[in-house]
Trainee: 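Input: one structure, supplied below.
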Amino acid sequence: MKGNTAEAAASVKSQSKTLIGVSKAEQIALKAAPGQVENIELEKKASGTYYDIEIQQTKQEMDVRVDAYTGKVISVRKDSDDDDSYKAAPAPGGKMITAGKAAEVAQAAVKGTVTEIDLDGDHGGAVYEVEIRNGQVKTEIGVDAYTAKVVYTDTDSDDDDD
């Protein structure tokens, strides 16, 4: 019985930890594999909670996993699944903001936990699509990758029928 109490205490303790946040995870991942961050996803698995970060390098894509609480790099591997490789066209005289900055802008607009960030170039410009969860509500905020301005907000509740 004593083992169960210790496990329960450890479980409660791990629940009270604070996430390191997207900005910190991005900085850690870029040290492990420099390049352009394309996607950051907060993954919660039985083995633990981590940020899964896809980084586009010149000729390959890297996948870096960073522990969401400790900031420890769990793995760095070459991603062979290069199905949606995104190549950002540089803005005239512009420099892209980081995914972490896009997360900050989105969280200033909508409260909650950032669960995913995607760099999207489908709409004639580069936009970070930031997904924020707050209870049952999921909101996607589009943040211009060069100006850091919110370009759209789309809210979806889990109890919707769509």
Side-chain angles (χ1 to χ4, degrees), residues 7 9-91 94-122 125-135 137-151 153:
E7 280 177 36
S11 172
V12 168
K13 188 176 179 187
S14 71
Q15 295 299 317
S16 65
K17 288 188 204 171
T18 307
L19 294 170
I20 61 169
V22 171
S23 278
K24 185 81 174 148
E26 179 181 36
Q27 290 168 9
I28 292 165
L30 286 171
K31 280 184 186 152
Q36 174 63 54
V37 172
E38 286 192 342
N39 178 282
I40 299 176
E41 201 164 341
L42 182 60
E43 298 277 356
K44 293 182 182 185
K45 306 276 188 209
S47 59
T49 302
Y50 59 88
Y51 289 99
D52 189 6
I53 303 161
E54 291 176 16
I55 300 171
Q56 183 66 48
Q57 295 182 327
T58 310
K59 297 193 184 300
Q60 65 187 4
E61 192 171 282
M62 299 298 287
D63 195 35
V64 181
R65 289 186 175 173
V66 177
D67 186 286
Y69 294 106
T70 67
K72 181 176 177 284
V73 174
I74 298 166
S75 67
V76 179
R77 64 180 176 79
K78 185 172 183 252
D79 188 2
S80 55
D81 171 25
D82 203 15
D83 56 353
D84 59 353
S85 64
Y86 170 78
K87 304 286 184 281
K95 184 171 169 18
M96 286 175 83
I97 63 169
T98 63
K101 176 68 177 166
E104 288 170 23
V105 170
Q107 282 186 301
V110 176
K111 299 295 173 236
T113 302
V114 174
T115 55
E116 185 172 359
I117 299 177
D118 247 329
L119 183 57
D120 185 19
D122 294 344
V127 174
Y128 284 106
E129 295 173 344
V130 183
E131 184 179 292
I132 294 182
R133 271 206 166 272
N134 190 341
V137 179
K138 180 172 71 175
T139 305
E140 184 177 288
I141 299 99
V143 179
D144 186 291
Y146 292 100
T147 66
K149 289 191 177 11
V150 173
V151 291
T153 303

Trainee: State, to 0.1 Å, how close Val137 and Thr139 come at their nearest heavy-atom pair, and which atoms those are.
Mentor: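 Scanning both residues completely, I find the closest heavy atoms to be CG1-OG1, 3.9 Å.
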Trainee: Between Val114 and Leu42, is any pair of side-chain heavy atoms under 4.5 Å apart?
Mentor: no
Trainee: Taking all non-hydrogen atoms of both residues into account, name the closest pair between Val76 and Val73 and its distance.
Mentor: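 So the minimum-distance heavy-atom pair works out to CG2-CG1, 3.6 Å.
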Trainee: Could you tell me whether the side chain of Val143 reaches within less than 4.5 Å of the side chain of Val151, counting heavy atoms only?
Mentor: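 Side-chain contact under 4.5 Å: no.
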Trainee: Is any side-chain heavy atom of Met62 closer than 4.5 Å to a side-chain heavy atom of Arg77?
Mentor: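 Contact flag for Met62/Arg77 side chains = no.
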Trainee: Can you tell me how far the CD atom of Glu61 sits from the CD atom of Gln56, to the nearest 0.5 Å?
Mentor: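 Answer rounded to 0.5 Å: 5.0 Å.
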Trainee: What pair of heavy atoms forms the shortest contact from Ala33 to Val64, and how long is it?
Mentor: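 It is CB-CG2, 3.9 Å.
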Trainee: Looking at every heavy atom in both Thr18 and Tyr69, which two are closest together, and how far apart are they?
Mentor: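 What the structure gives for the nearest pair is O-CD2, 3.4 Å.
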Trainee: Could you tell me if the side chain of Ile20 sits less than 4.5 Å from the side chain of Val66, heavy atoms only?
Mentor: yes
Trainee: Roughly how far apart are Ser75 OG and Asp52 CG, rounded to 0.5 Å?
Mentor: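 One finds 7.5 Å between OG of Ser75 and CG of Asp52.
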Trainee: Are the side chain of Glu129 and the backbone N or O of Ile141 linked by a donor-acceptor pair below 3.5 Å?
Mentor: no
Trainee: Under 3.5 Å, which donor-acceptor pairs link side chains of residues 43-51 to any protein atom two or more places apart or in another chain?
Mentor:
{"residue": "Glu43", "atom": "OE1", "partner": "Lys45", "partner atom": "NZ", "Å": "3.4"}
{"residue": "Tyr51", "atom": "OH", "partner": "Gly21", "partner atom": "N", "Å": "3.3"}

Trainee: Kindly compute the distance separating NZ (Lys59) from NZ (Lys78), expressed to the nearest 0.5 Å.
Mentor: 11.5 Å
Trainee: Do Thr98 and Val37 have side chains that get closer than 4.5 Å, going by heavy atoms?
Mentor: no
Trainee: My understanding is that only residues two or more places apart in sequence, or in another chain, count here; which of them pass side-chain contact (heavy atoms from CB on, under 4.5 Å) with Ala145?
Mentor: Met96, Leu119, Ala126, Tyr128
Trainee: Looking at side-chain heavy atoms only, is the closest gap between Thr115 and Ile132 below 4.5 Å?
Mentor: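 Side chain of Thr115 against side chain of Ile132, heavy atoms only: no contact under 4.5 Å found.
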Trainee: Sub-3.5 Å donor-acceptor pair from the side chain of Asp144 to the main-chain atoms of Thr147, do we have one?
Mentor: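 Yes; judged by distance alone, with no hydrogens or angles, the pair exists.
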Trainee: Hey, are the side chains of Asp118 and Glu38 touching, using non-hydrogen atoms and a 4.5 Å cut-off?
Mentor: no
Trainee: Would you confirm whether Glu26, through its side chain, and Ala99, through its main-chain N or O, come within 3.5 Å as a donor-acceptor pair?
Mentor: yes
Trainee: Measuring from atom CD1 of Ile55 to atom CD of Gln36, what distance do you get when rounded to the nearest 0.5 angstrom?
Mentor: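 Output value for this atom pair is 9.5 Å.
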Trainee: Once rounded to the nearest 0.5 Å, what's the spacing between atom CD1 of Ile74 and atom CZ of Arg65?
Mentor: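 CZ of Arg65 is found 8.0 Å from CD1 of Ile74.
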Trainee: Taking all heavy atoms of Ala25 and all of Ile53, pick out the closest pair and write down the distance.
Mentor: O-CD1, 3.5 Å
Trainee: Calculate, to the nearest 0.5 Å, the distance between atoms CG and CG belonging to Asp63 and Asp79 respectively.
Mentor: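 That separation rounds to 5.5 Å.
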Trainee: Would you be so kind as to tabulate the donor-acceptor pairs closer than 3.5 Å made by side chains of residues 104-113, with sequence neighbours excluded?
Mentor:
{"residue": "Glu104", "atom": "OE2", "partner": "Ser23", "partner atom": "OG", "Å": "3.3"}
{"residue": "Gln107", "atom": "NE2", "partner": "Gly112", "partner atom": "O", "Å": "2.8"}
{"residue": "Lys111", "atom": "NZ", "partner": "Gln107", "partner atom": "O", "Å": "3.3"}

